[in-house]
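Before any comments, here is the structure.
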There are 2 protein chains.
Amino acid sequence: MTREDILDLFAERGVKVTPQRLEVAAILLEKPQHLSADQIIDRLRGSGSRVSKATVYNTLNLFGERGIAREVKVDPIRRIYDSTRGHHYHFFNVDTGELQDIPADDLELGRQPDLPEGTEPLGVDIVIRVKNRRN
Amino acid sequence: MTREDILDLFAERGVKVTPQRLEVAAILLEKPQHLSADQIIDRLRGSGSRVSKATVYNTLNLFGERGIAREVKVDPIRRIYDSTRGHHYHFFNVDTGELQDIPADDLELGRQPDLPEGTEPLGVDIVIRVKNRRN
DNA sequence: ATGATGCTTAGACGAAGTCTAACGCCGCCC
DNA sequence: GGGCGGCGTTAGACTTCGTCTAAGCATCAT
Ligand SMILES: [Mn+2]
Ligand SMILES: [Mn+2]
Ligand SMILES: [Zn+2]
Ligand SMILES: [Zn+2]
């Protein structure tokens with residue numbers, strides 16, 4: 001994702017541009033990937049950036065709310081942010097901790113249950129847990 | 001679930017019986033429900049029990065490993081334990097934090113993707129996120 | 001008895017994320 | 001230009017959830 005794309009996306013989602021937000025976006029949205037806040041901070045530090053921890057967390061929360069990144073719930077000990085915004089699912093390898101995308105078309109959802117009374121849908125999260133085959 | 005059922009389940013899963021494990025099981029496995037460690041500790045304290053925090057966490061980890069309870073990954077800030085061991089899925093109401101079971105039969109999974117090379121399946125977690133309808 | 005093993009415990013510790021209060025930056029008004 | 005308000009950023013304190021440590025206990029085998 002180019003700098004131009006990022007600026008367009010910010011505009012589209014009503015997110016004001018700041019140097020720090022651009023730095024975080026440049027790392028996370030560079031390519032399809034799944035990163036924790038800590039990994040993003042490490043990469044920022046590695047490239048000499050001084051964006052504070054508080055700002056990284058604020059920014060990731062903002063990106064989540066505005067649909068600039070997706071939060072993936074697989075591991076209760078840390079939040080993972082996903083640069084792929086479109087509809088898709090995940091494999092989670094419990095041995096390696098690795099997350100892998102499943103394109104929406106590769107997984108069909110048959111019958112779906114009625115929603116609870118008085119609620120409306122937000123989305124469907126599917127995680128297929130796998131482990132390494134030992135033989 | 002009766003005390004007898006719990007003892008049978010422990011035996012079946014190779015879990016040694018201790019008074020503390022029985023107390024935790026009595027609370028969690030009483031009925032179909034979803035509880036955090038903290039809620040379990042509160043209920044133990046409320047009924048005058050003195051089981052330590054460390055033991056509650058150790059016990060819940062053990063229950064998870066041995067399939068005596070299920071860990072539901074829905075909220076990255078705390079672990080939720082599910083007394084329903086069978087195959088089923090969940091609604092998660094983001095407004096209330098409420099988790100609601102979806103029986104396996106109510107949700108059909110059509111085509112499933114090929115697993116990543118060298119891995120074998122552990123299970124499929126599905127969470128349908130919903131919010132309260134406001135109007 | 002003695003020792004080994006495994007469970008429980010209080011409280012220290014660690015990791016992830018949030019909050020606070022000060023500070024900087026920018027646009028607006030005069 | 002100077003002052004003001006609003007928002008974003010910052011360091012570091014703080015909170016929360018969970019794990020670890022080291023001591024104490026129980027049970028079992030010899
Ligand atoms: Mn790191
Ligand atoms: Mn509580
Ligand atoms: Zn993804
Ligand atoms: Zn359930």
Side-chain angles (χ1 to χ4, degrees), chain A residues 6-7 10-11 13-28 34-45 47-66 68-82 94 97 99, chain B residues 6-7 10-11 13-28 34-45 47-66 68-82 94 97 99:
Chain A
I6 290 171
L7 290 171
F10 279 18
R13 305 301 170 105
V15 166
K16 289 194 185 108
V17 178
T18 72
Q20 292 85 351
R21 289 173 182 173
L22 282 176
E23 288 189 76
V24 172
I27 286 173
L28 178 57
H34 306 95
L35 295 176
S36 65
D38 187 64
Q39 289 176 307
I40 290 171
I41 291 170
D42 286 350
R43 297 191 187 193
L44 285 166
R45 298 280 173 274
S47 65
S49 168
R50 303 205 144 281
V51 184
S52 73
K53 181 178 66 141
T55 295
V56 173
Y57 278 100
N58 288 344
T59 298
L60 290 173
N61 283 337
L62 180 67
F63 285 4
E65 286 162 16
R66 302 301 177 84
I68 285 175
R70 245 178 74 167
E71 199 181 310
V72 188
K73 286 155 211 75
V74 274
D75 185 344
I77 87 167
R78 65 179 160 232
R79 285 171 210 198
I80 301 294
Y81 289 90
D82 189 339
V94 302
L99 261 186
Chain B
I6 291 171
L7 290 170
F10 279 18
R13 305 302 169 104
V15 166
K16 288 194 187 108
V17 177
T18 71
Q20 292 84 352
R21 289 173 182 173
L22 283 176
E23 288 189 76
V24 172
I27 286 172
L28 177 56
H34 307 94
L35 295 177
S36 65
D38 187 65
Q39 289 176 307
I40 290 171
I41 291 170
D42 286 351
R43 294 190 191 194
L44 286 166
R45 297 279 173 277
S47 65
S49 167
R50 302 206 142 281
V51 183
S52 73
K53 181 179 67 144
T55 296
V56 172
Y57 278 100
N58 289 344
T59 298
L60 290 173
N61 283 337
L62 181 67
F63 285 4
E65 286 162 16
R66 302 302 177 83
I68 286 175
R70 247 177 74 167
E71 199 181 309
V72 187
K73 284 156 213 73
V74 76
D75 185 343
I77 88 165
R78 66 180 158 240
R79 284 171 211 200
I80 301 293
Y81 290 89
D82 191 338
V94 302
L99 261 185

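Computed from a predicted model, the values in this text were never measured in an experiment.
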Strictly under 4.0 angstrom, non-hydrogen atoms only: write out the protein contact profile of nucleotides 15-30 of chain D, one letter per nucleotide from the 5' end, B, S or -. --SBBB----------

So how far is it from B/Leu99 CG to B/Asp82 CG, rounded to the nearest 0.5 Å?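 Answer rounded to 0.5 Å: 7.5 Å.
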
Hey, what do you get for CZ (B/Arg13) to CG (B/Leu62), rounding to the nearest 0.5 Å? 11.5 Å

Can you name the residues that form a salt bridge (charged side-chain N to carboxylate O under 4.0 Å, His left out) with B/Arg78, not counting sequence neighbours? B/Asp75

For [X], give me all partners under side chain to side chain donor-acceptor pair (under 3.5 Å), at least two apart in sequence or on another chain.
{"X": "B/Asn58", "answer": "none"}
{"X": "B/Thr18", "answer": "none"}
{"X": "A/Gln20", "answer": "none"}

Of all the heavy-atom pairs spanning B/Arg79 and B/Asn61, show the shortest one and how long it is.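 Closest approach of B/Arg79 to B/Asn61: NH1-OD1, 4.2 Å.
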
Roughly how bent is the helix from C/dA1-D/dT30 to C/dC30-D/dG1 end to end, in steps of 10 degrees, with each end axis from five pairs?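 Inter-axis angle at the ends, rounded: 0°.
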
Walk along DNA chain C from 5' to 3' and tell me the first and last nucleotide with an atom closer than 4.0 Å to a non-hydrogen atom of chain B. C/dC7 to C/dA12

Between residues 15-23 of chain B and DNA chain C, which residues have a heavy-atom gap below 4.0 Å? B/Thr18, B/Gln20, B/Arg21

Please list all pairs passing the side-chain hydrogen bond (donor to acceptor under 3.5 Å, both in side chains) test where one or both residues lie in residues 47-56 of chain A, with sequence neighbours left out. A/Glu23-A/Ser49, A/Ser52-A/Thr55

Rounded off to whole Å, could you give me the CZ-to-C1' distance for the A/Phe10 and D/dC7 pair? 16 Å

Set of residues satisfying side chain to side chain contact (heavy atoms under 4.5 Å, CB included) with respect to A/Ala37, sequence neighbours excluded: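 With sequence neighbours excluded, A/Ala37 shows a side chain to side chain contact (heavy atoms under 4.5 Å, CB included) to A/Tyr57, A/Leu60, given in chain and number order.
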
Please list, chain by chain and in numerical order, all residues satisfying side chain to side chain contact (heavy atoms under 4.5 Å, CB included) with A/Arg43, sequence neighbours excluded.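 A/Arg43 satisfies side chain to side chain contact (heavy atoms under 4.5 Å, CB included) with A/Ile27, A/Gln33, A/Leu35 once adjacent residues are dropped.
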
Apply the test side chain to side chain contact (heavy atoms under 4.5 Å, CB included) to residues B/Leu22 and B/Leu7: give CA-CA distance (whole Å), side-chain angles for both, the deciding distance (0.1 Å), then the verdict. CA-CA 8 Å; B/Leu22 283 176; B/Leu7 290 170; 4.0 Å; yes

Under the ring pair (Phe, Tyr, Trp, His ring centres under 6.0 Å) test, which residues partner B/Phe10, sequence neighbours left out? B/Phe63

